[in-house]
Amino acid sequence: MSRDMYTFLGLKRPGAVHPPGRKFTSNEATEVAPLPKEVMLPLQQHIGAPANPLVNKGDEVKVGQKIAEASGFVSAPIHATISGTVNGVSKVPNPTTGEPIRGILIESNEDDEWVKFSAADPDDLPIEEILNRIKEAGIVGLGGAAFPTHVKLQPPEDKPVHTVIVNGAECEPYITSDDRLMREETGRIVGGLLLIMKALSAKKAYIAIEDNKPKPISRISEAVSQADTPYPIKVAPLRARYPMGAEKTLVKALLGTEVPEGGLPMDVGVVVQNVATVAAIYDAVVEGKPLVERIVTVTGDVPKPKNLIARFGTSAMELIEYCGGPSSGANKLVFGGPMMGIAQPTYYSPLIKSTNCLLVLKSKQLEEHQCIRCGRCVQRCPMGLMPLVFAKAVQNGLYEQLSEYHIDSCVECGACTYDCPANIPIVSYIKTGKQKLQKVTEA
Amino acid sequence: MDKATQLVLSASPHIKGRTSISRDMLVVVFALMFPVLGAVYFFGLYILLMLAAATVSAVLTEYVAKAMRRRPFFLDGSAVVTALLLVLVLPPRTPMWIVVIGSIFAIAIAKEAFGGLGQNIFNPALVGRAFVTISFAGSLTRWISPTSSWLSDGVTTATPLAEGFTTSLTKLEMYKALFLGNVGGSVGETSALLILIGGVLLIAFGVIKWQVPVFYIGTVFVLTFLFGEDPLFHILAGGLMLGAFFMATDYVTSPLTTRGKIIFSVGAGVLVVLIRLLGNMPEGVCYSILIMNAFTPLIDRYTRIRPYGVVKKGGNN
């Protein structure tokens, strides 16, 4: 059957939803948030082993000073984000799990004194030094996953990387932090991309941006056309649909190839980096600036939504109050976007490296009904899975069905749940199912 | 801001699309209004009484069944849809007590006994219709011609499929009568035009997939043509249009994937032609769908979508 016929009959793997964009802050230029009086820095703001603290209560620290070191290859150091005095190492809220975790508390002396590495000319730096600076700066994936970047940039020798994809899709509703970055900081993005290509010896790059962001597309295109590189860098506008920015969806959309089940983009010679990560790489390598702050969109049910440059460890409440405080009736705080973000137990969770958005919402409980087999979840799943089967299997305790239907391929994008007419919290069932399976495998 | 504000903790996603079961059902009810009002026009006010009787008994039955099963009762509209569909496939002067029995049977046995909406294997309205057809055959074989005498008994006539057109109509006039609905037949099956309007609405609102009616009706068209019959007559006469847009598309009892839906529809089309041409019944739409309902789990099993990144093991893309 011809490809067109296949598409026409609706037999192609479907996937994606179109939630309303609600990008209230696209035209709000980034603003530097007021320096916090104190910060709480969890020792684990990344995937991998928690960092080991290097400071004790009473120590004086400066901005950018390493206060916890990586405890293995897949780990990342933590730096002081304000100058002042260490107030102790104790349990702090962990925005990724909700379970308190060890963290370092610093009280500000309001001097904002910095320590940086030496600035460098990127052309003179050997690859090892580039990677070392990225590692020492504590850079992790800033798109949400927080995977240590130096690990991603050192693929095993049998998996050479030929293509770099800079992910500026920003397909989640509400969030505009990458949008603003792409309008305001094109030089850092292109500079960072050239460093990544050098580190990986990649011969080709894409900068992927959803076509609902024409300004970032034109600004980045302009910067790319002036870039000094022998290799092709293509600005690729993508159809705006969710979850276009998921790594695997992106690889398929741009290159037409699929990442093998259970594999990583590097298995097909690709590395995907979020656009904010790319800019942070430039800061670290060229300007010698460790990762201590980021752009975060504060939005939703707040009177004055903004894009803020904020230091890690700042309490969410401080930033939300800077935007006018939660509107009355707001009862939910999400770190990240509305589709995949994590609901916080308190307004006092600290901003961490992966937090691209503080989303304040008024949420109402929806009544869960029985599945009517409408098949929308199947049509929406970008991974070609049957989400209703997972929900039912978990409800009935039939965990062995989960692997048969490839539950591990689920990226938890939430497209199925978003459009479920029976209000079944499918993603929640899938998370439970994955945990149960893990327990079975470990036992 | 009160520091102790209790924040809601729940898994992502934190926003929800506009879909809901009652919205789907509302769209179906709206789409059904075209054949329903057409039926009242063609067959008189008695149809309204049938609709009222069927709807009230369906909703009451569901309420009682939920109470007996100790499950919460939602007025999600699915019982109303079942009641409307049931009336549309009954003869226009079906005695009221039969309408009620059919409606109760459809909800109590075909739907709730299997576990309620989403769990039933067979289309409840069609089960109700099959049940009363078999049980009260004598009372259900009287067909009337379209009439404007609103509550009268009507003039007994034959349905086109049972007798063929023996009148003096030209072919073109016959097609026109069949298309507009000016013929004998079940309450809501006679007007292809009104069903098409409702069906297009269902497609436009994203409630059904166009592949189902197109492959179902298309299969009947092609096969009857190959058998030397009049294909246009076969797709316009009888319950095919109604079945193709409103019954073969039932979520619960049809396959999940588009590929599965196409197989289901082609299978139903083949069965309709076999029953009409080789069986001893004039019409086969009801049974064709019920039989394919039974195959739905099997079709679902063999039409799974190949997950992203999984190397071909069965099914492609």
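Lettering follows sequence order; numbering is per chain, from 1. All values reported here derive from a predicted model rather than from experimental measurement.
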Exercise: do Thr19(B) and Tyr418(A) side chains pair donor with acceptor under 3.5 Å: no

Side chain / backbone / both / neither for Ser78(B) at chain A, heavy atoms under 4.5 Å: neither

Heavy-atom pair count under 4.5 Å with chain B, highest-scoring of Lys431(A), Gln344(A), His18(A): Gln344(A)

Interchain contact, Pro255(B) with chain A, by part (heavy-atom threshold 4.5 Å): backbone

SB check Glu172(A) Lys23(A) (cutoff 4.0 Å): no

Min side-chain heavy-atom separation Met339(A)-Ser12(B) under 4.5 Å: no

Thr296(B) portion near chain A, given a 4.5 angstrom heavy-atom threshold: side chain

Which atoms of Tyr429(A) approach chain B - backbone, side chain, both or neither, heavy atom under 4.5 Å: neither

Test item: Thr97(A) side-chain N/O and Glu99(A) main-chain N/O as donor-acceptor pair under 3.5 Å: yes

Contacts of Ala240(A) that satisfy side chain to side chain contact (heavy atoms under 4.5 Å, CB included) - sequence neighbours left out: Glu210(A), Asp211(A), Asn212(A)

Structural part of Pro425(A) lying under 4.5 Å from a heavy atom of chain B: neither

Under 4.5 Å from a heavy atom of chain A, the part of Ile208(B) involved: neither

Parallel, tilted or perpendicular, as decided by the 30° and 60° cut-offs, for the rings of Phe114(B) and Phe122(B): perpendicular

Salt bridge flag under 4.0 Å for residues Arg376(A) and Asp419(A): no

Between Asp250(B) and Thr253(B): side-chain donor-acceptor atoms closer than 3.5 Å: yes

Proximity breakdown for Lys392(A) and chain B, heavy-atom pairs closer than 4.5 Å: side chain

Which portion of Arg22(A) sits near chain B, non-hydrogen atoms under 4.5 angstrom: side chain

Contact winner vs chain A - Gly206(B), Ser20(B), Ala11(B), Pro72(B), heavy-atom pairs under 4.5 Å: Ser20(B)

Part of Met386(A) within contact of chain B (heavy atom distance under 4.5 Å): side chain

Interface residue of largest heavy-atom contact number with chain B, from Gln365(A), Gln379(A), His369(A), under 4.5 Å: His369(A)

Heavy-atom pair count under 4.5 Å with chain B, highest-scoring of Ile320(A), Leu366(A), Thr346(A), Val259(A): Val259(A)

Top of Ser409(A), Pro20(A), Gly263(A), Gly341(A) for chain B proximity - count of heavy-atom pairs under 4.5 angstrom: Gly341(A)

Salt-bridge criterion met for Lys159(A) and Asp267(A) (N-O under 4.0 Å): yes

Salt bridge Arg69(B)-Glu62(B), side-chain N to carboxylate O under 4.0 Å: no

Chain A contact via Ser10(B) - which portion, at a heavy-atom distance below 4.5 Å: both

Residue list, ring pair (Phe, Tyr, Trp, His ring centres under 6.0 Å) with Phe295(B), at least two apart or on another chain: none

Options Cys374(A), Ala422(A), Gly414(A), ranked by heavy-atom pairs under 4.5 Å with chain B, top entry: Cys374(A)

Best-contacting candidate, Asp300(B), Ile262(B), Asn120(B), Val214(B), against chain A by heavy atom pairs under 4.5 angstrom: Asp300(B)

